[in-house]
Protein chains: 2
Amino acid sequence: MTVETDESFGGVTPDAARRLLLGAVQAFAERGFHATTTRDIAGRAGMSPAALYIHYKTKEELLFHISRVGHERSVAVLEEAVEGAGDSAGRLAAAVRAFVRWHAEHHTTARVVQYELAALGEEHYARIVVLRRRSEEILREVLQEGVATGQFAVEDIRGTTLAVVSLCIDVARWFSPEGRRTPDEIGELYAGLALRMAGYRDGGR
Amino acid sequence: MTVETDESFGGVTPDAARRLLLGAVQAFAERGFHATTTRDIAGRAGMSPAALYIHYKTKEELLFHISRVGHERSVAVLEEAVEGAGDSAGRLAAAVRAFVRWHAEHHTTARVVQYELAALGEEHYARIVVLRRRSEEILREVLQEGVATGQFAVEDIRGTTLAVVSLCIDVARWFSPEGRRTPDEIGELYAGLALRMAGYRDGGR
DNA sequence: GTCTATATCGCGATAGAC
DNA sequence: GTCTATCGCGATATAGAC
């Protein structure tokens, strides 16, 4: 089994803190937050259980760090993609392609980010919710813009946005590197599906 | 707070076993399997912790029962919908409408069904996986049929099926009865989106 | 900063009276 | 079939040596 190295946490120092973060991401993704023991996390980082508490106050704080950095990364990826280029169709396709690719490539982190929210403490949760709103907002604006210019045909913009975001996020649940598709292929497929959902018609396909 | 009564488990007897099942569904959906204590489940059923073990061998067996019945119900709903009626477009719309509605209306059960699979024991997990294949199969056949008759235009049938199933399932993650849409409305919206994903063109909309 | 050892707690599951 | 009481374990987190 290969250990997925995730550059999302590449900048974390000291080294021990980063190793703990990576171990925690893997463990949380495999078993879930509550089923993961601090012994397990510390073990993956090559340390004793006690060493964890030098770098993080609690297990929950470790989860919060993962969740925060993960959300920031995925939103950043989305923002870069839409800024990139072109008309609404190009922007929507780029956004979905990038967002899906992130959820597939970083499915370990993404799983924690998307499915362990309930394990966060109250104030930590509140801070994460703020970040989450952005991704939906970005995609909604692209759809709105496309409808305004007549490139898209969408009756329920809010609902369709929700569906597109939902489609992208769920990739984290089912994606496996052993599966038959690469992150790039899924991104491409989903970009096309999102355009169809938006009522976009290219050359008459 | 109102207790969601879920007819999925209406037939379970004796009464105490059903109350435990319903308590477990709620607790698992709110906190997750591992964060739920047997004391919590028993409390919701109005019993002492020990009474749980008269009706179920372990906490995991309780999860398995929920997962099995839940999967059976959702697949049954899907099967009834596609049998119903019409051409491929009608069948796809009916299937998505019904599947989405089930995940919204029974979002508590659905959340456990879709997101607590990893907590199942090995043989229990294997038995559930068999059930899960059916729902994908049903939707894939509808898409295939529609492509064969020329009503749909889909290049990657497997991938598009996966996306449609994924879209429906993710409803369980975000749906809230306090949200702005009813299960019926979401079902209707998603049925239309699925038709678009399938490349279906009605009257020139 | 990391270790070994351990305090303290609450879990899943069982025993035995009724 | 349900209760009260409890066993045995493993969890998070801390103390104190190095």
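Proteins get letters first, then strands, A, B, ... in listed order; numbering begins at 1 in each.
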- [ ] State whether B/His34 places a side-chain N or O below 4.0 Å from either non-bridging phosphate oxygen (OP1 or OP2) of C/dC11.
- [x] no

Open item on the list: Taking 4.0 Å as the cut-off, does a side-chain nitrogen or oxygen of B/Tyr53 come that near to OP1 or OP2 on C/dT14?
Closed with: no

Task: Of the listed nucleotides D/dT12, D/dT4, C/dG1, the one nearest the side chain of A/Pro14 - done: C/dG1

Open item on the list: Under 4.0 Å between a side-chain nitrogen and a carboxylate oxygen: does that hold for A/Glu185 and A/Arg180?
Closed with: no

TODO: Without swapping roles, check the side chain of B/Ser166 against the backbone of A/Asp170 for a donor-acceptor pair under 3.5 Å.
DONE: no

Task: Given D/dT2, D/dA13, C/dG1, the nucleotide with the shortest approach to the side chain of A/Lys59 - done: D/dA13

Task: 5′-ward residue of the pair A/Thr58/B/Met47 relative to DNA chain D - done: B/Met47

Task: Nearest-Å distance for atom pair CG/C1', residues B/Leu62 and C/dA13 - done: 14 Å

Task: From D/dA11, C/dC11, C/dC3, nucleotide with atom closest to B/Thr37 side chain - done: C/dC11

Open item on the list: Using 30° and 60° as the class boundaries, would you call the ring planes of B/Tyr190 and B/Trp174 parallel, tilted or perpendicular?
Closed with: tilted

Open item on the list: Considering every strand and a 4.0 Å limit on heavy-atom distances, what is the contact class for B/Ala50: base, sugar-phosphate, or nothing?
Closed with: base

TODO: Write down the distance between CZ (A/Arg31) and P (D/dA11), rounded to a whole number of angstrom.
DONE: 11 Å

Task: Given DNA chain C, 5'-ward residue of the pair A/Ile54 and A/Arg39, judged by closest heavy atom - done: A/Ile54

Task: Rounded distance (Å) that lies between atom P of C/dC11 and atom CD1 of B/Ile41 - done: 12 Å

Open item on the list: Does a side-chain N or O of A/Thr38 approach OP1 or OP2 of D/dT12 to a distance below 4.0 Å, or not?
Closed with: yes

Task: For A/Arg73, all residues meeting side chain to side chain donor-acceptor pair (under 3.5 Å), sequence neighbours excluded - done: none

Task: B/Leu52 CG to D/dT4 P, straight-line distance once rounded to whole Å - done: 15 Å

- [ ] Would you kindly give the CZ-to-C1' distance between B/Phe33 and C/dG12, to the nearest whole Å?
- [x] 10 Å

Open item on the list: With salt bridge (Lys or Arg N to Asp or Glu O under 4.0 Å) as the rule and sequence neighbours excluded, what pairs involving residues 116-131 of chain B come up?
Closed with: none

TODO: Write down the distance between CG (B/Leu20) and P (D/dT2), rounded to a whole number of angstrom.
DONE: 8 Å

